[in-house]
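Scroll down for the structure; my scribbles are underneath it.
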Amino acid sequence: AMLRLRLLTWDVKDTLLRLRQPVGQSYAAEARAHGLRVQPEALGRSFREVYGAQSRRFPNYGHGQGLSSRQWWLDVVKQSFRLSGVQDEAALTKLAEKLYRDYCSSHTWEVLPGADETLSRCRQLGFRMGVVSNFDSRLEVILSQCNLRQHFEFVLTSEAAGFAKPDGRIFEQALRLGGARPEQAAHIGDDYSRDYRAARAAGMHSFLLRAADQGQGPEVPPEHVLPTLSHLLALIEK
């Protein structure tokens, strides 16, 4: 290939792993187990609203504002239930702690089709590999639980880096960890601005995972688009 790549960095959510069911459904199921009736759709809407507000008020899990990511998430879960009409504070605390733990497990996450095979092949081809993800410190455990951790030399979360994509500084840290110059590295992700454009702005190559049914987002050269993860191999096999 034309590309002289040494390092591949990977987004995780909706690139390698996805939630088995929507947040509203898993939150509602957990509420039922605690004897509380909440509509999944209402909970989903509440969650999106609360998550958005919390992300604006305390970016990157409150890093630099004195919040732990655990506290950040417990607040999001409790607020989502409160907004959906749950008043019982003792139940909210129990629910939040249980859900925080549940989101660490392979019961909650599933590996996307082709991910394991593509990662294995990339390693066989001799690429150095790392994760660059806007995620909290649970990511190591999640990747281990889903049997993907062994593919990576490093897992760099926005919480650990102190910067979230699209900030170029998280990519600079990844390049240092991977021992590569920007032009020797490519980032793979599903988000146009946080993954595709941000990595390119940092001087790296990048590929955008975009399923054919996702319709038209911003223009991306076709040779940078991956309809599935397996398509990556044809572009980088040495």
Side-chain angles (χ1 to χ4, degrees), residues 1-22 106 108-135 139 142-158 164-166 168 170-172 174-175 177-238:
M2 297 296 299
L3 302 179
R4 296 267 179 272
L5 298 175
R6 294 184 54 198
L7 171 68
L8 300 177
T9 63
W10 299 80
D11 172 54
V12 174
K13 186 175 184 290
D14 297 327
T15 298
L16 300 174
L17 297 178
R18 65 182 167 207
L19 290 172
R20 288 180 185 272
Q21 54 177 0
S106 55
T108 306
W109 297 95
E110 64 188 356
V111 179
L112 269 108
D116 194 43
E117 300 80 348
T118 303
L119 293 169
S120 297
R121 185 75 189 121
C122 289
R123 275 173 72 211
Q124 284 164 2
L125 290 167
F127 291 103
R128 306 190 71 173
M129 306 257 281
V131 159
V132 179
S133 173
N134 287 358
F135 218 101
L139 189 57
I142 292 167
L143 288 168
S144 298
Q145 287 255 329
C146 295
N147 296 318
L148 295 181
R149 178 64 186 90
Q150 75 277 7
H151 295 304
F152 303 107
E153 288 182 36
F154 63 87
V155 172
L156 183 61
T157 62
S158 57
K165 300 179 296 188
I170 192 170
F171 290 105
E172 285 165 21
L175 291 165
L177 288 168
R181 297 193 306 277
E183 66 276 8
Q184 299 173 314
H187 179 69
I188 298 100
D190 70 304
D191 187 283
Y192 173 76
S193 58
R194 286 193 289 264
D195 292 312
Y196 178 76
R197 239 194 32 218
R200 293 198 166 254
M204 296 168 65
H205 300 274
S206 62
F207 297 101
L208 181 65
L209 182 63
R210 184 189 268 172
D213 60 4
Q214 273 178 1
Q216 268 322 100
E219 261 321 294
V220 174
E223 64 273 19
H224 298 165
V225 174
L226 307 176
T228 73
L229 282 179
S230 315
H231 283 74
L232 178 68
L233 296 168
L235 302 173
I236 61 170
E237 293 226 35
K238 293 177 169 156

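For clarity, every value in this text was computed on a predicted model and none was experimentally measured. Sequence positions, counted from 1, serve as the residue numbers for this chain.
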Nearest atoms (heavy-atom pairs only) where [X] meets [Y]:
{"X": "V131", "Y": "V12", "value": "CG1-CG2, 3.6 Å"}
{"X": "G189", "Y": "T15", "value": "CA-OG1, 3.5 Å"}
{"X": "E153", "Y": "R149", "value": "O-NH2, 4.2 Å"}

What pairs with R197 under salt bridge (Lys or Arg N to Asp or Glu O under 4.0 Å), at least two apart in sequence or on another chain? none
R123 meets the salt bridge (Lys or Arg N to Asp or Glu O under 4.0 Å) criterion, sequence neighbours left out, with none
Which residues share a side chain to side chain donor-acceptor pair (under 3.5 Å) with [X], sequence neighbours left out:
{"X": "S193", "answer": "D191"}
{"X": "E172", "answer": "none"}
{"X": "Q150", "answer": "none"}
{"X": "S120", "answer": "none"}

Rounded at 0.5 Å granularity, tell me how far [atom1] in [X] sits from [atom2] in [Y].
{"X": "L208", "Y": "H187", "atom1": "CG", "atom2": "NE2", "result": "10.0 Å"}
{"X": "L148", "Y": "L143", "atom1": "CG", "atom2": "CG", "result": "6.0 Å"}
{"X": "L139", "Y": "F152", "atom1": "CG", "atom2": "CZ", "result": "9.0 Å"}
{"X": "L5", "Y": "L125", "atom1": "CG", "atom2": "CG", "result": "11.0 Å"}
{"X": "I236", "Y": "F207", "atom1": "CD1", "atom2": "CZ", "result": "7.0 Å"}
{"X": "R210", "Y": "Y192", "atom1": "CZ", "atom2": "OH", "result": "8.5 Å"}

Among residues at least two apart in sequence or on other chains, which ones pass ring pair (Phe, Tyr, Trp, His ring centres under 6.0 Å) with F154? none
Got [X] and [Y] here, is their nearest side-chain heavy-atom distance under 4.5 Å?
{"X": "C146", "Y": "L16", "answer": "no"}
{"X": "L229", "Y": "L119", "answer": "no"}
{"X": "T9", "Y": "L156", "answer": "no"}
{"X": "L19", "Y": "T108", "answer": "yes"}

Please identify each residue that fulfils side-chain contact (heavy atoms from CB on, under 4.5 Å) with [X], with sequence neighbours left out.
{"X": "E110", "answer": "R18, R20"}
{"X": "H224", "answer": "Y196, R200, V220, P221"}
{"X": "A164", "answer": "N60, N134, S158"}
{"X": "A185", "answer": "L7, L175, M204"}

Between R6 and G179, is there a donor-acceptor pair closer than 3.5 Å when you use the side chain of the first and the backbone of the second? yes
Report the C-alpha distance between W10 and C122 in whole Å, list the side-chain angles of each, state the deciding distance to 0.1 Å, and finish with yes or no for side-chain contact (heavy atoms from CB on, under 4.5 Å). CA-CA 12 Å; W10 299 80; C122 289; 4.2 Å; yes
Please tabulate, one pair per line, all N/O donor-acceptor pairs under 3.5 Å involving side-chain atoms of residues 111-118, not counting sequence neighbours.
{"residue": "D116", "atom": "OD1", "partner": "H151", "partner atom": "NE2", "Å": "2.8"}
{"residue": "T118", "atom": "OG1", "partner": "G114", "partner atom": "O", "Å": "2.6"}

Run the salt-bridge test on K165 and D11 with the 4.0 Å N-O cut-off and return the result as yes or no. yes
